Amino acid sequence: MIIFKTANELSNYLQQQKKRGKRIGFVPTMGALHNGHLSLINRANNENGLSICSIFINPTQFNNPADFTHYPVTIEKDIEQLIAVGCNVLFLPCRSEIYYEQYKAKQFNLGRLEEVLEGHYRPGHFQGVCQVVDRLLEIIPADNLYLGQKDYQQCMVIKRLLQLSQRTSKLQLTIAPTIREENGLAMSSRNMRLTPEQKKSAEAISQTLFYIKANLQLQSLTTLKTVSVQKMQSKGFQLDYVEIADGDTLETATSLQQPLVALIAASIGGVRLIDNIILK
Ligand code: AMP
């Protein structure tokens, strides 16, 4: 695996590889890698001539400074894991390679997508996500971009970013399934901050989502949400939302005649977790 720390060197290298006919599969991450991330790298490896992972803890997407400060950093282990799965290139930029001196923060027209759900609870978060992904895609001439369904709203936001930046004809977006722990908890870098007891309680998130899916045809959407809130609160979660939403717009669903996704955001012991399940 080749490690690049500067945008210029990486860009030059990738342009050469492209001239040689290699297709590039790109997986952006913030590190503290787990099997969820590695599933995306495997996919990028299998479907492209060259796989590239970036690790950059993007300050502009953290609305909560404490979350940024506590974000886990495990770079040595990350490198070992990337080598073990056969990742070809790692981009490990410092802040000034992404947000260089004359960098002008763009404003992306995300509409309601940045107002609902995560957008409401994390103001500015999706603008930060778009800034970093837009900048990374300036540097990396990717053919395929791999994201995890785990961050469903982020996937919808990036889909919109690709339309806004007119990249859809050159770049294919793949949304890969959520990889879970044995107890159903969606893998997340933030899980490292949970105690074993909290990790056990956190299985309530996926269980509640599976409950919604199993009962979709049996109960009204309102009842499903009310029962879900009770389930989560009884496990000691501080709940931001349990929502059943339109799978494209993420607006609250009003009927079963639309693509549907159930989403949860909740904190335990000060660690905020999100998860979702596609219902139809
Ligand atoms: P992050 O490092 O949290 O920014 O995540 C980098 C990428 O990995 C994003 O596209 C995430 O959606 C994806 N990802 C995170 N957790 C999982 C998971 N459990 N299963 C699949 N993909 C994931």
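Atoms within a ligand are numbered from 1 in the order they appear, just like the ligands themselves. None of the values given here were measured: they were computed from a predicted structure.
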For this session: Give yes or no for whether the N/O distance cutoff of 3.5 Å, strictly under, is met between Thr29 and ligand 1.
Result: no
Could you tell me, atom by atom, which parts of ligand 1 come under 4.0 Å of a heavy atom of [X]?
X: Leu147; value: 10 (O)
X: Met30; value: 1 (P), 2 (O), 4 (O)
X: Pro177; value: 20 (N), 21 (C)
X: Leu40; value: 7 (C), 8 (O), 13 (C)
X: Met187; value: 16 (N), 17 (C), 18 (C), 19 (N)

Distance-only criterion, 3.5 Å: show the donor-acceptor pairs between side-chain atoms of residues 224-233 and protein atoms not counting sequence neighbours.
from, atom 1, to, atom 2, distance (Å)
Lys225, NZ, Glu243, OE1, 2.7
Thr226, OG1, Thr222, O, 2.8
Ser228, OG, Leu224, O, 2.7

Seminar exercise, completed: Between the CD atom in Gln163 and the CG atom in Leu173, the distance rounded to the nearest 0.5 Å is 10.0 Å
For this session: Kindly compute the distance separating SG (Cys53) from CD (Gln81), expressed to the nearest 0.5 Å.
Result: 10.5 Å
For this session: Would you please determine whether Pro28 falls within less than 4.0 Å of ligand 1 on a heavy-atom basis?
Result: yes
Exercise. Taking the non-hydrogen atoms of Arg180, is any one of them nearer than 4.0 angstrom to ligand 1?
Worked result: no
Exercise. Is it true that the side chains of Tyr146 and Gln172 contain a donor and an acceptor less than 3.5 Å apart?
Worked result: no
For this session: Report the residues that fulfil side chain to side chain contact (heavy atoms under 4.5 Å, CB included) with Ser96, sequence neighbours left out, ordered by chain and then residue number.
Result: Cys94
Exercise. Which class fits the ring pair Tyr71 and Phe62: parallel under 30°, tilted 30 to 60°, perpendicular over 60°?
Worked result: perpendicular
